[in-house]
Amino acid sequence: MNKKTIIRTFEKIALYMELLGENPFKVGAFRKAANVLELDPRSLSEMDDILSLKGIGKGTGAVIIDLIEKGESDLLKELENEVPSGLIPLLRVPGLGGKKIAKLRETLGIDSIESLRNACESNEVSKVPGFGKKTEEKILHELEILGTRKGKLPVWQIESVVLAVEEVLRSIQEITRFSVAGSFRRAEEESSDVDFIVVTDEPAIVREKLLETLPVEETVAAGDAKLSIVLDMADLVDADFRFVTDDQFATALHHFTGSKDHNVKMRQLAKAKGMKISEYGVELEDGTMETFKTEKEFFAYFDLPFIPPSLRMDGREIERSEEIAQLVTFEDIRSDLHMHTTWSDGGYSIREMVEACRKKGYSHMVITDHTQYLRVANGLTPERLREQIAEIRKLNDEYDDIEIFCGTEMDILPDGRLDFDDDLLQELDFVIASIHSNFNQSQEQIMERLHSAISNPYVHMIAHPTGRIIGQREGYNPDVHQLIKWAKEYDKILEFNANPYRFDLAKEYLEEAQEANVKIAINTDAHAIDQLKHMEIGVKYAQKAWLKKETVVNTWPLGRFIEEIIRK
DNA sequence: GCCGTTTTCGGCCCGACTGTTTTCAGTCG
């Protein structure tokens with residue numbers, strides 16, 4: 001028996017109870033029990049006090065004992081006998097919840113998508129009390145498109161939707177200010193929708209203008225406080241707009257940034273003090289409504305530091321809030337150690353990239369073009385690299401406010417050899433090694449390649465260590481735990497690639513790396529000036545892993561960077 | 001079903017929108 005099985009059992013029990021129309025708080029109790037186990041970092045064998053955990057009581061405890069002793073749960077078995085499995089997909093139909101499904105089953109014997117569709121088509125559903133013609137039509141419509149709608153979209157796709165919507169919001173003069181909220185603001189890897197807080201005194205006008213201007217596929221709900229639509233932008237994307245007044249902005253932004261778990265924790269905190277948090281402010285015991293200029297003030301009201309949106313995850317961030325001051329912020333970043341120029345597959349010259357980094361206020365940077373093996377990227381031969389080194393050295397003499405280091409993003413070849421020999425690597429300030437080929441090799445072969453690179457004395461860093469593209473490909477499946485151990489052993493940097501296509505390493509691995517005292521660099525891997533901006537979203541994502549400023553080497557001042565990295 | 005330095009019973013985070021109702025339940029985020 002393991003913890004995952006127990007968690008899944010609780011979730012199944014909750015699901016079946018929901019379908020039976022059970023008391024939502026009872027259903028919630030099983031979900032909460034699952035959540036309690038999920039949040040506990042210990043494995044099952046380490047949890048000798050599992051039955052006394054807060055949230056585990058008599059009922060949920062009995063399920064755990066059943067599972068440990070017999071390997072199965074009597075309660076779940078009973079429920080499985082009672083509830084036809086065909087009902088489960090019905091919960092995915094928008095507009096149908098446990099209560100309605102239970103009602104349909106009671107009155108019409110609905111036990112599957114098929115029987116529900118038949119009942120709608122023969123107009124039986126609209127005769128059930130509480131249902132009507134519109135509901136029947138809506139169910140039929142939803143059944144038709146069930147499964148065609150995409151689930152979550154990767155952050156880079158969501159980003160383009162957000163940028164497009166923001167442009168429309170800026171064009172509406174009745175809007176005084178707005179902000180994206182939701183999972184994109186929390187820098188999640190994937191999102192199922194986009195949320196915006198919109199300040200306006202004319203919600204009706206703004207609503208109509210949005211409906212006119214945006215590519216609306218479907219209007220889900222349209223009131224004076226909110227607008228919910230489905231946008232047709234490359235993919236279908238749900239979008240929510242909340243209309244608020246200026247003094248409600250901070251609390252509304254907080255509320256619709258979430259996460260749900262974070263909000264629940266905050267509200268419980270407020271409730272314990274006799275206050276009530278809503279999107280409109282904090283209601284005191286005497287009924288007066290307190291509003292805030294900023295989220296910072298809102299948090300301060302509850303004696304908390306500003307909790308960055310990306311940290312608002314499972315609620316534990318509230319207990320860990322005293323650690324926040326040490327975390328890396330965008331303002332801490334002094335350098336970008338991975339970028340490309342027209343010498344390989346970048347879009348801008350060295351000088352243009354330097355000027356762009358100067359504008360960002362960086363104190364140093366590294367030019368790291370691809371190497372000869374990567375033909376498609378116009379990778380540099382040793383001769384061209386030596387020419388580039390000369391040019392960079394010359395250019396560096398022109399600037400006294402930024403230090404330009406000579407680097408490379410060298411390919412790790414399929415057989416484990418490196419694309420340049422040590423003599424050439426010695427001439428460089430900073431050497432990145434990366435895998436760009438033969439992703440389908442066995443994990444053993446991949447790890448041999450990585451070991452060959454990370455153990456080379458002239459290599460400083462392994463870039464995008466897993467090669468993943470969010471929502472598109474898994475990468476080359478290295479044993480990251482082993483890679484982290486090697487990084488520690490050979491004292492090498494692991495990259496966190498800030499490009500939203502990659503976000504590589506993922507946050508769980510970043511946390512593990514920091515735990516192991518491995519140095520991390522946050523780099524944009526920019527192939528164009530515009531992509532240097534990804535440093536910002538990258539830092540936000542890195543905060544999710546609770547990365548400290550000290551862990552991130554490109555927060556270090558130039559002197560320390562030279563001392564401890566370049567001249568090491 | 002779970003919980004209690006305000007409670008062992010009566011709450012459980014809060015509010016918007018829709019549709020089906022004549023005052024509100026269900027769903028959603």
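In what follows, every chain begins at residue 1, and chains take the letters A, B, ... in the order their sequences are listed.
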Closest approach to the side chain of [X], judged atom by atom: which nucleotide of [options] is it?
X: A:Ala221; options: B:dT18, B:dG4, B:dG19; result: B:dT18
X: A:Asp193; options: B:dG4, B:dT20, B:dG29; result: B:dG29
X: A:Ser278; options: B:dC14, B:dC13, B:dG29; result: B:dC14

Is there side-chain contact between A:Ile197 and A:Phe241, with at least one heavy-atom pair below 4.5 Å?
no

Quick check on the 6.0 Å ring-centre criterion: do A:Phe196 and A:Phe178 meet it?
no

When the nearest nucleotide of DNA chain B is assigned to A:Glu136 and to A:Glu283 on a heavy-atom basis, which residue is associated with the more 5' position?
A:Glu283

Looking at B:dA16, I'd like to know if its phosphate oxygens (OP1 or OP2) sit under 4.0 Å from a side-chain N or O belonging to A:Lys226.
no

Determine the interatomic distance between P on B:dG4 and the same-named atom on B:dC13; round to the nearest Å.
14 Å

Using a heavy-atom cut-off of under 4.0 Å over every strand shown, decide if A:Phe30 touches base, sugar-phosphate, or nothing.
sugar-phosphate

Would you sort out whether A:Asp247 and A:Lys293 count as a salt bridge (Lys or Arg N to Asp or Glu O under 4.0 Å), showing the intermediate values?
CA-CA 7 Å; A:Asp247 57 336; A:Lys293 281 206 177 61; over 6 Å; no

Where does B:dT21 fall, syn or anti, if syn means a chi angle no more than 90° from 0?
anti

Whole-Å gap separating C1' (B:dA16) and CZ (A:Arg207)
13 Å

Does B:dG1 have a Watson-Crick or wobble partner in any strand here, with both distances under 3.5 angstrom, and which is it?
B:dC12

Distance alone, cut at 3.5 Å: any donor-acceptor contact between the side chains of A:Ser122 and A:Glu124?
yes

